[in-house]
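Whatever order the structure lists them in is the order used to number ligands and atoms, beginning at 1. We number each residue from 1, following the sequence as shown. Just the heavy atoms: all of them, side chains too, but no hydrogens, waters or symmetry mates, feed the values below. Note that the structure is predicted; figures quoted are calculated from it, not measured.
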Amino acid sequence: MIPVKISTILLFLLFCVVANGEPPLEISREKVKLQFSIDEEGKPVYSVLFNGKEVIKPSSLGFSLNIDSLFYKNFTLIAEDRKAVDETWKPVWGEYSNIRNNYEQLTVHLKHRSGKLLDIIFRVFADGVGFRYEFPRQNGVAYFVVKDECTQFHVTGNHKTFWIPGDFDTNEYAYTTSLLSEVNNAPVVRAATDIAVRTVTDSLAVQTPLMMKTADGLYINIHEAALLNYPAMQLHVDKNGFLLSSHLVPDAYNNKAYLHAPAHTPWRTVIISDKAVDILASKTILNLNDPPADQNVAWIKPMKFVGVWWEMQTGKSTWNYSDHPDSTGANGQLIPNGKHGANTANVKRYIEFAAKNKIGGVLVEGWNRGWEDWFGNWKENVFDFVTPYPDFDVKEITGYARSKGVSLIMHNETSGSATSYERQLDTAFRFMQKFGYPAVKTGYVGRIIPRGEHHDGQWMVCHYERVLQQGMRYHIMVDAHEPARPTGLQRTYPNFMACEAARGNEYHAFSNGNAPDHETILPFTRLMGGPMDYTPGIFKLKGYAPAAPERSVHSTLAKQLALYVTLYSPVEMVADLPENYEARPDAFQFIKEVPVDWDDTKILEAEPGDFITIARREKGTNNWFIGSITDENARTATILLSFLPKGKKYKAIIYEDGPGADWKTNPEAYSIRSMTVDSNTRLKLSLAPGGGAAISIMQSE
Ligand code: NOJ
Ligand code: CA
């Protein structure tokens, strides 16, 4: 007699085969396996296994379209294609000089009962899967509207989850770490009064990249790749069955996407490993993006930059020239408030500081007219992007920067009025070209115009792409603030250097800041899609905001240094005031030396929410840099330098938390030591609560 358990399994298998007509299709790569089948209702269903264990249980796929509300069932499989790819490509900049793209692909060609066609392409990598929908060219399906995407990710249990609310307009929330069953964004959204625009319609919606950890130690990250011409995908959490389902950002009509076949969606990604370090080392999202269309990329240059910026954030000076938009004198001129930061003399001071310390760029905010009522009024025409305030002499400043070999970074704050920016895009970029600005920081603070659109909806996703395309045409690098979170598009648009789309260091200036574990979560969440302009490097960690003396940066000074390595970006701000660096030239040495472009990266140890240690080799040299950070708990990191070439001696300079350092009580205590190291060296680093360590390792023979 067959034991009951086995007979049930046999029966189940038989049922699958009979119901589908076919056993599930499978593709796999190392430990990851994907299965696809059509269930008894004609629903396309996939599941994902890691090491033979289910990670995503059978989960259905499909849409509700304006031309067919049931475009998620009544499908039959009409054909399948398979291929395998193993190639290596070179990013224009990044964490590695070579990236291997190695996957198995399965395309299923489906026919709906209505006769309409749908393809789904699955790719399986050694560290996860990506899949996307394609609407082939066909009779009867031309223009259509996605009312809802019905993609499910049916996870296997009540995983530990690192989440922020699924907000249509912002990603700037603090992370909550909880069980999946505890997700409820309502209190978080209510409390986040430091975020200008919040739009959350579903208290069970969370943002991606969503990071989870299972009770038995598996790490799972769900996100998307190549988000173009489509809204951002958030996830609705059904706590009962631990079922996550796609929740697309709508437009004013509650439509999600307007498509014209042939068309496809972005890739949906699930990255899986039993090691946290593998999640951070994953290149799957980048690999799912297309290579650049424009191969003329030699002008794209990663750089560090200072900015006339933190002084405004902390209230020492202002973006606005006048205190009221209507405070004009008899001759119609704005009456100055005497605190305008972007004045010629002050900007020259930053240029000099950058030149002296070999920092490539200077960002200047508040240089153009319009800051008197720049956001909050849902006003369409705020800035013209070409008219400086009277005390900002653009010719003198750009000439001075050129003479010092420093690049100026343009600032185009749109205050959410994308229509106004688009009308002026040519004018704005011609101005940058004329005065030799190689990069622009854009900004979208405020409610979006076209009114009714959201920051993360399809219209704005297309807008961000148009700005990148304009940048490629004019040879301008882009650092976007307040856009949709990134999805690996920096491969296709290598001028897409960084973006914000998360809660940056700046929250320590104008609100109660970020918890000490924030930077240990970011690489597992927001940074999975691409670099962030986090603005690290604050040295004066207390008493920097005169109007709010109780404020402090929730970090030690050594941790601020380590962030240059642990939070990768090809444009890293050197965010503090020049005088605060000049007061500590020994610690500043690390910032001067740390590169922004790398040949190789080793994720040495990591645990989301707890700690991260990363080593990277500088592009074109044998120099290595290490960053190690911890959360609110003190920690000893023991790292073996076995990645160094055997037999070579190096000089290591270790910047670490000083005796008694603590993010709360004594954040600025640091010490510096140097030693000779080689590939056999085991380094012990003592990290203070909220602390870190930064190391430069230069070849000494
Ligand atoms: C918000 C950005 O994140 C910040 O960096 C910038 O200074 C302000 N907007 C003004 O544009
Ligand atoms: Ca911001």
S.K.: Using a 6.0 Å distance limit plus a 45 degree cone around the ring axis, check whether Arg369 lies over the aromatic ring of Trp374.
M.R.: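 No - Arg369 does not lie over the ring of Trp374 by the 6.0 Å and 45° rule.
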S.K.: Got a salt bridge between Asp373 and Lys379, using NZ or NE/NH1/NH2 to carboxylate O under 4.0 Å?
M.R.: yes
S.K.: Say whether Trp374, considering both its backbone and side-chain N or O atoms, lies within less than 3.5 Å of an N or O atom on ligand 1.
M.R.: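 Between Trp374 and ligand 1, no N or O pair is found under 3.5 Å apart.
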S.K.: For ligand 1, which atoms, with element, lie under 4.0 Å from some heavy atom of Val445?
M.R.: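 So the answer, numbered in order with elements, is 1 (C), 9 (N).
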S.K.: Counting heavy atoms only, which of Glu482, Glu365, Glu172 is nearest atom 8 (C) of ligand 1?
M.R.: Glu365
S.K.: Is the closest heavy-atom distance from Tyr444 to ligand 1 below 4.0 Å?
M.R.: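 No heavy atom of Tyr444 comes that close to ligand 1.
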S.K.: Between Asp631 and Lys559, is the closest basic N to carboxylate O distance under 4.0 Å?
M.R.: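 A salt bridge is absent here (no side-chain N lies under 4.0 Å from a carboxylate O).
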S.K.: Is any NZ, NE, NH1 or NH2 atom of the basic residue among Lys348 and Glu396 found under 4.0 Å from an Asp or Glu carboxylate oxygen of the other?
M.R.: yes
S.K.: For ligand 1, which atoms, with element, lie under 4.0 Å from some heavy atom of Glu506?
M.R.: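 Answer for ligand 1: 2 (C), 3 (O), 4 (C), 5 (O).
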S.K.: Quick one: does NZ or CZ of Arg584 land under 6.0 Å from the six-membered ring centre of Phe588, within 45 degrees of the ring axis?
M.R.: no
S.K.: Give the numbers and elements of all ligand 1 atoms closer than 4.0 Å to a heavy atom of Trp309.
M.R.: 4 (C), 5 (O), 6 (C), 7 (O)
S.K.: Report, in ascending order of atom number, the atoms of ligand 1 lying under 4.0 Å from any heavy atom of Glu500.
M.R.: 3 (O)
S.K.: Out of the candidates Tyr437, Phe429, Tyr421, only one should pair with Phe385 under the ring pair (Phe, Tyr, Trp, His ring centres under 6.0 Å) rule; please name it.
M.R.: Tyr421
S.K.: Heavy atoms only: which of His481, Met312, Met573 is nearest to atom 3 (O) of ligand 1?
M.R.: His481
S.K.: For His411, counting its heavy atoms only, list the atoms of ligand 1 lying under 4.0 Å from any of them.
M.R.: 11 (O)
S.K.: Between ligand 1 and Trp371, is the shortest N or O to N or O distance under 3.5 Å?
M.R.: no
S.K.: Check for me whether Gln313 has a heavy atom closer than 4.0 Å to any atom of ligand 1.
M.R.: yes
S.K.: Charged N to carboxylate O below 4.0 Å: is that the case for Glu550 and Lys542?
M.R.: no
S.K.: Any donor and acceptor pair, going by atom type alone, linking the side chain of Asn514 with main-chain N or O of Gly504 inside 3.5 Å?
M.R.: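 It does hold such a pair.
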